[in-house]
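Please read all numbers here as calculations on a predicted model, not as lab measurements. Just so we're on the same page: letters track the sequence lines, and every chain starts at 1.
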Amino acid sequence: MFRDIFNYTLIASTIRLATPLILASTGGLFSERSGVINIALEGMMLAGAFTAAVVTVFTANPWIGLLAAVVAGVLVAGIHGIATINFRADQVVSGTAINILFLGVPALLSGALFASTGATPQLPRDQVLPDLLIFDAQSSPMLASIFNQKPLVYFAVLVVALSVYILKRTRFGLRLRAVGENPEAADTAGVSVRGMRYSGVLISGALAALGGAYLSIGQNSLFTRNMTAGRGFIALAALIFGKWDPIGAMLACILFGFAEAISIRMQGTVDIPNQFIQMIPYILTMVFLAGLIRRATPPKSLGIPYVKE
Amino acid sequence: MRLIRELVFPLIAVFAAFLIGGIIVLLIGDNPIEVYRLMISSAFGLFDALGNFTFDNWGYTLFYATPLIFTGLAVALAFKCGLLNIGAEGQLYIGAFASAWVAITFSSLPGWSLIPLAIFAAIAAGALWGAIPGILKARFGAHEVINTIMLNFIAVGLVSYLTQNHYKTPGDPIMQTVPIADQAQIVRFHGLLSPLGIDFPQRIPLNITFLLALLTAFLVWVFLWRTKWGYEIRAAGASPSAAEYGGISVRTQIVLAMALSGALAGMVGINEVLGYRHRYYHDFSAGYGFAGIAVALLGRNHPLGVVLAAILFGALSRGGLFVDIFTDKVSKDLVQVLQAIIILFVAMEALFRGTFSKFLPAPAKKA
């Protein structure tokens with residue numbers, strides 16, 4: 001039984017489950033480091049997942065679907081930006097509204113487009129994102145299982161590496177962080193607080209939407225109602241657990257992906273109720289936020305609208 | 001004049017949301033005027049298609065409004081203390097399960113003691129679940145928004161586990177507990193009005209909990225604006241440093257406000273379990289906790305406003321069902337879209353303030 005759960009396919013499954021989390025979490029990082037709370041990751045993922053599936057149905061090309069998801073994510077993030085940056089709406093309230101909006105919009109549109117109650121039609125096998133064939137499944141099944149993944153998996157790793165570089169080594173990253181920590185000072189130094197915050201929020205929309213698209217046209221072959229099932233919030237939890245740092249957030253996503261992979265495998269084999277394993281990310285985040293492991297310090301001006309003097 | 005100021009912005013937000021919703025309906029390929037006419041008549045109409053008097057429309061609208069009054073009050077009360085409780089969703093699940101648990105476990109008690117006990121269970125369990133993020137904030141400075149999000153998921157997992165593994169009828173394919181004791185059922189308007197000779201149909205689940213919700217709204221108003229405790233909560237929310245200076249412990253107020261907020265959210269369970277389904281039915285909440293945020297915002301965090309906003313949202317839910325059945329393309333999901341747009345517009349008050357405020361009376365100066 002132990003071997004049924006702990007073998008190399010568990011690693012492969014962890015990678016698959018962590019990927020959408022990593023994309024969304026890294027996205028959220030850009031928004032939050034610029035000072036804008038993003039609890040709308042869930043809604044942005046749903047928007048990306050739905051758009052990717054619908055566009056792929058009509059174009060029969062998952063790559064166009066992927067591109068469309070990014071556009072959708074940026075548009076949705078634009079709503080969050082306009083509401084919170086231009087009109088100083090409460091960032092949590094705006095995020096909640098977006099989450100509710102994208103429970104409704106996909107269902108409404110899929111009803112109109114496909115006469116369904118929230119799902120898109122199943123895509124044929126050759127119209128979902130393909131696996132990269134790096135290793136031969138016959139001669140080396142273990143390596144193939146672990147490394148033959150969707151391109152988005154490798155893209156996610158690339159995104160994390162790039163984020164580290166951008167945030168720590170580029171002028172853009174420095175300005176983004178400055179705006180999140182001390183917008184007054186950044187403004188005085190000639191940095192556009194609005195511009196930086198918009199960049200952060202729009203990047204978060206694009207990446208979260210890619211995470212959603214991975215679910216609908218990568219891991220699955222259709223969109224179903226509320227298919228993210230809280231992954232946007234887990235990504236947010238990972239972001240906090242990773243101390244608003246790209247590597248930390250990625251490691252947290254892998255940990256949460258691992259927890260989910262185990263919980264899937266344990267269904268029906270082990271007596272620990274599934275619900276408790278699924279709670280792990282949430283409980284860990286709460287314990288962490290309370291400072292019982294180590295202190296989590298968010299960007300200083302997170303959640304505070306900036307009013308130019 | 002003050003009342004006009006308070007009413008104008010919410011009404012503009014609702015109107016703007018309906019306008020955008022109408023455009024969406026038009027793009028989907030239905031007639032927005034027809035859709036809205038259908039929604040309004042099915043939510044508020046006093047006569048059915050044959051012209052006979054009916055309680056159905058108002059009855060269901062008020063039934064759907066009941067949980068939203070509780071969650072709206074929950075969000076509003078926390079907001080008065082400067083806290084954003086987006087955990088009403090989890091608190092109401094815990095409250096509902098607790099009241100079902102009491103009404104199942106102590107089935108030998110007579111109704112006059114079992115009903116109050118089950119009501120108390122819903123309130124106490126909700127308060128406990130709400131107090132957790134309050135304590136974490138007061139003690140460790142952990143942000144209540146993140147913790148309430150996390151606790152929503154934990155709550156759903158917990159009650160799902162308990163239902164599935166301990167309180168389900170064996171073999172029942174539906175995720176629901178065994179029924180509660182008969183004497184724990186709360187009387188519906190049917191039973192309440194039939195002695196007066198009024199024939200309110202038994203099928204409409206509107207029950208005494210609605211009246212309890214109105215009473216609760218009044219009590220919340222009394223508490224917040226007429227008692228010392230309410231004053232302290234509002235003071236802590238308005239200016240924490242000034243409150244501390246005035247001898248109010250902001251930490252205590254945070255815990256108290258979150259516990260009371262959770263208690264109000266937990267009261268949703270009274271309507272759902274004791275008044276409606278007579279068992280705990282998993283996943284019953286159609287996002288009541290999140291809709292509560294909209295209700296509180298739209299009601300400007302005032303109990304009377306919350307009641308009115310909850311009735312509007314109840315009407316949307318009722319109307320949405322008819323849209324689902326009687327239109328070609330638009331589904332009841334339009335309601336969720338409208339709710340979300342309303343929240344966005346209410347939150348973006350600056351948008352309207354800039355545009356419309358010059359047409360409004362100036363705010364009253366404090367003497």
For the side chain of E144(B) and the backbone of L84(B), is there at least one donor-acceptor N/O pair under 3.5 Å apart? yes
What part of L158(B) gets within 4.5 angstrom of chain A, counting heavy atoms only: side chain, backbone, both, or neither? both
Taking heavy atoms only and a threshold strictly under 4.5 Å, list by residue number the residues of residues 226-234 of chain A that touch chain B; give 'none' if the list is empty. G230(A), F233(A)
Which of the residues N152(B), V330(B), L151(B), L27(B) is involved in the greatest number of heavy-atom pairs with chain A at under 4.5 angstrom? L151(B)
Just so I know, are the side chains of S301(A) and Y306(A) near enough to count as touching, which here means a heavy-atom distance under 4.5 Å? no
For V337(B), which atoms come within 4.5 Å of any heavy atom of chain A: side chain, backbone, both, or neither? both
Flag the one option from L103(A), D90(A), T84(A) with the top tally of heavy-atom pairs under 4.5 Å to chain B. L103(A)
Is I283(A) in contact with chain B via its backbone, its side chain, both, or neither, using a 4.5 Å heavy-atom distance? both
Using non-hydrogen atoms only, which part of I149(B) is less than 4.5 Å away from chain A: side chain, backbone, both, or neither? side chain
Does S216(A) reach the main-chain N or O of A49(A) with its side chain, forming a donor-acceptor pair under 3.5 Å? yes
In terms of the angle between their ring planes, are Y167(B) and F97(B) parallel, tilted or perpendicular, with boundaries placed at 30° and 60°? perpendicular
Got a donor-acceptor contact below 3.5 angstrom from the S204(A) side chain to the V201(A) backbone? yes
Relative to chain A, which segment of I342(B) carries a heavy atom at a distance below 4.5 Å: side chain, backbone, both, or neither? neither
Who passes side-chain contact (heavy atoms from CB on, under 4.5 Å) against A296(B), sequence neighbours left out? V75(B), A76(B), N301(B)
Would a distance-only check, ignoring hydrogens and angles, find a side-chain to backbone donor-acceptor pair under 3.5 Å from Y36(B) to N31(B)? no
Using atom types as modelled and distance alone, determine if a side-chain donor or acceptor of R88(A) lies under 3.5 Å from a backbone N or O of P305(A). no
Could you look at F102(A) and say if it's the side chain, the backbone, both or neither that has a heavy atom under 4.5 Å from chain B? neither
Strictly distance-based, threshold 3.5 Å: is any side-chain N or O of Y198(A) a donor or acceptor partner for the main-chain N or O of I82(A)? yes
Within the side chain of Q91(A), is there an N or O that forms a donor-acceptor pair under 3.5 Å with the backbone of I37(A)? yes
Under 4.5 Å heavy-atom distance to chain A, tell me which part of I154(B) shows up: side chain, backbone, both or neither. both
Do V255(B) and R139(B) come within less than 4.5 Å of each other through their side chains, counting heavy atoms only? no
Between D333(B), L136(B), D324(B), which residue shows the highest count of heavy-atom pairs closer than 4.5 Å to chain A? D333(B)
Picking from P281(A), G111(A), P106(A), A83(A), which has the most non-hydrogen pairs under 4.5 angstrom with chain B? A83(A)
Pair D245(A) + R33(A): basic N to acidic O under 4.0 Å: no
Under 4.5 Å from any heavy atom of chain B - which part of S94(A): both
I39(A), part contacting chain B, at a heavy-atom distance under 4.5 Å: side chain
Taking the inter-plane angle between the rings of F284(B) and Y280(B) on a 0 to 90° scale, is it parallel (under 30°), tilted (30 to 60°) or perpendicular (over 60°)? perpendicular
Quick check for you: among T96(A), L113(A), L109(A), which has the greatest number of heavy-atom pairs under 4.5 Å with chain B? T96(A)
